[in-house]
Amino acid sequence: MAQSQVFQAIESTVYLYGGHFQQNFPNWHYPQEQHQLFEMIVVLQGTETIFMGTRRCVLSAGEAMIITPETAHESFNFCGNRLRFFCFHFSVGDLALKTQIIQNLGNTVLAADTPLAQAAQRLIQRFSALQAAQQQPDWTLNMEIAFLQFMAVVSQAPRVIAPVAQLPEQQVILAQKMATLLFQKGPRPQSFQAVCAALNFSTTYGHTLVRRMVILFLSACMGLRQVLTRKNDVSAVPRCC
């Protein structure tokens, strides 16, 4: 008897917490906080300003953001309009999906015209429609289905955070060897020319390698700012003013 197996085992964990609509007047402020879960914010009316360290992100109506775990953030309504948004916290058991969200989408304003922000709006509408059916036996299942449909869009969403540049592994190894020889302790430190000769490459290539390492080092130092500020420069004038 032939057997055609479709799957062996599927294990899934979904955790949703604290879903609520919130309406705030001008000058509203929520103090800095951080969570062990992802936090999803979808602005429905007005403009919300979120500070994450020195970064400022401004979300207008229709826009959304997924704040990653352990990210300290503080929220304000600086505009003269009423602010209304939906917020909830979540976690998923799929490690690959968690990593994808953090690396590709996290802590970045999702513009209102993007498929992901539009999917977030549909999710909130679905949550709202299910609110009146909390006493139904299939309410939890329907809430999870709505959330998983949103996660399916998340899994297909294009990267909105620029990838961090990397050197080929061989160049990294050579740079490590150069650093070891240049900074090793001894009565007679080796010159740059001697180190290059010992590693069998020219001083021109050595200088090129050093420049590349310095550029990557500076990029790493500024990585949090560069990677997460795709459309939210800290020097930008708030869109609400």
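Here the structure is a predicted model, which is why all the values come from computation and not from measurement.
- Counting heavy atoms from C-beta outward, Val58 and Val109 have side chains that stay 4.5 Å or more apart.
- Closest of all the heavy-atom pairs between Gln34 and Ala72 is OE1-CB, 3.6 Å.
- Between Tyr205 and Phe201, the ring planes lie perpendicular to each other; the angle is over 60°, past the 30° to 60° tilted range.
- What you find for His20 and Gly18 is that their closest heavy atoms are ND1-O, 2.8 Å.
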Run the side-chain donor-acceptor check on residues 87-95: report pairs under 3.5 Å with partners two or more places apart or on a different chain.
| unit_1 | atom_1 | unit_2 | atom_2 | d |
| --- | --- | --- | --- | --- |
| His89 | NE2 | His35 | NE2 | 3.4 |
| Asp94 | OD1 | Ala96 | N | 3.0 |
| Asp94 | OD1 | Leu97 | N | 3.2 |

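- Taking CG of Leu116 as the start and OG1 of Thr108 as the end, the distance is 11.0 Å to the nearest 0.5 Å.
- Checked by atom type and distance alone, the side chain of Ser128 never pairs as donor or acceptor with a backbone atom of Ile124 at under 3.5 Å.
- From Met52, atom CE reaches atom CD of Glu74 across 12.0 Å, with rounding to the nearest 0.5 Å.
- Taking 4.5 Å as the limit, some side-chain heavy atom of Ile50 sits within range of a side-chain heavy atom of Ile41.
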Legend entry - Evaluation steps, side chain to side chain donor-acceptor pair (under 3.5 Å), between Glu48 and Ser75: CA-CA 7 Å; Glu48 180 174 0; Ser75 302; 3.2 Å; yes
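- Tested against Val42 for a side-chain contact (heavy atoms from CB on, under 4.5 Å), the candidates Met65, Gln121, Glu63 yield a single pass: Gln121.
- Note: the hydrophobic cluster containing Val14 does not contain Leu37 (ILVMFWY, side chain heavy atoms under 4.5 Å, direct or indirect links).
- Using a distance-only test at 3.5 Å, with no hydrogens or angles considered, a donor-acceptor pair links the side chain of Asn107 to the main chain of Thr68.
- Atom CE of Met178 is separated from atom CG of Leu174 by 8.5 Å, given to the nearest 0.5 angstrom.
- The minimum heavy-atom distance between Met40 and Ala120, with the atom names listed, is CE-CB, 3.4 Å.
- The backbone N or O of Ser155 sits less than 3.5 Å from a side-chain atom of Gln100, completing a donor-acceptor pair.
- When all heavy atoms of Ala198 and Leu181 are compared, the closest pair comes out as CB-CD1, 4.5 Å.
- By the rule that hydrophobic residues join a cluster once side-chain heavy atoms approach within less than 4.5 Å of another member, Leu199 and Leu209 end up as members of one cluster.
- Although no hydrogens or angles enter the test, the distance criterion places a donor-acceptor pair under 3.5 Å between the side chain of Asn77 and the main chain of Phe25.
- With rounding to the nearest 0.5 Å, the separation of OG1 in Thr180 from CD in Gln176 is 7.5 Å.
- The number of heavy atoms from other shown groups lying within 6.0 Å of CD (Glu70) is above 12.
- Crowding of Phe192 atom CZ: a count of heavy atoms from other residues, nucleotides or ligands under 6.0 Å exceeding 12.
- In this structure, Gln23 CD and Arg82 CZ are separated by 4.5 Å, a value rounded to the nearest 0.5 Å.
- Each of Thr71, Ile101, Ile67 was checked for a side-chain contact (heavy atoms from CB on, under 4.5 Å) with Phe38, and the lone residue meeting it is Ile101.
- Summarising the geometry, atom CZ belonging to Arg159 is positioned 9.0 Å from atom CG belonging to Leu105; distances are rounded to the nearest 0.5 Å.
- Closest non-hydrogen pair, Leu83 versus Gly46, comes out as CD1-C, 4.3 Å.
- Counting non-hydrogen atoms of other residues, nucleotides and ligands closer than 6.0 Å to CD of Gln135 gives a total of 12 or fewer.
- Between the side chain of Thr114 and the backbone N or O of Ala112 there is no donor-acceptor pair closer than 3.5 Å.
- The heavy-atom pair separating Glu39 from His73 by the smallest distance is OE1-NE2, 2.9 Å.
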Listed pairs under 3.5 Å, donor-acceptor, residues 138-149 side chains, sequence neighbours left out:
| unit_1 | atom_1 | unit_2 | atom_2 | d |
| --- | --- | --- | --- | --- |
| Asp138 | OD2 | Asn142 | ND2 | 3.4 |
| Trp139 | NE1 | Leu130 | O | 2.9 |
| Asn142 | ND2 | Asp138 | O | 3.2 |

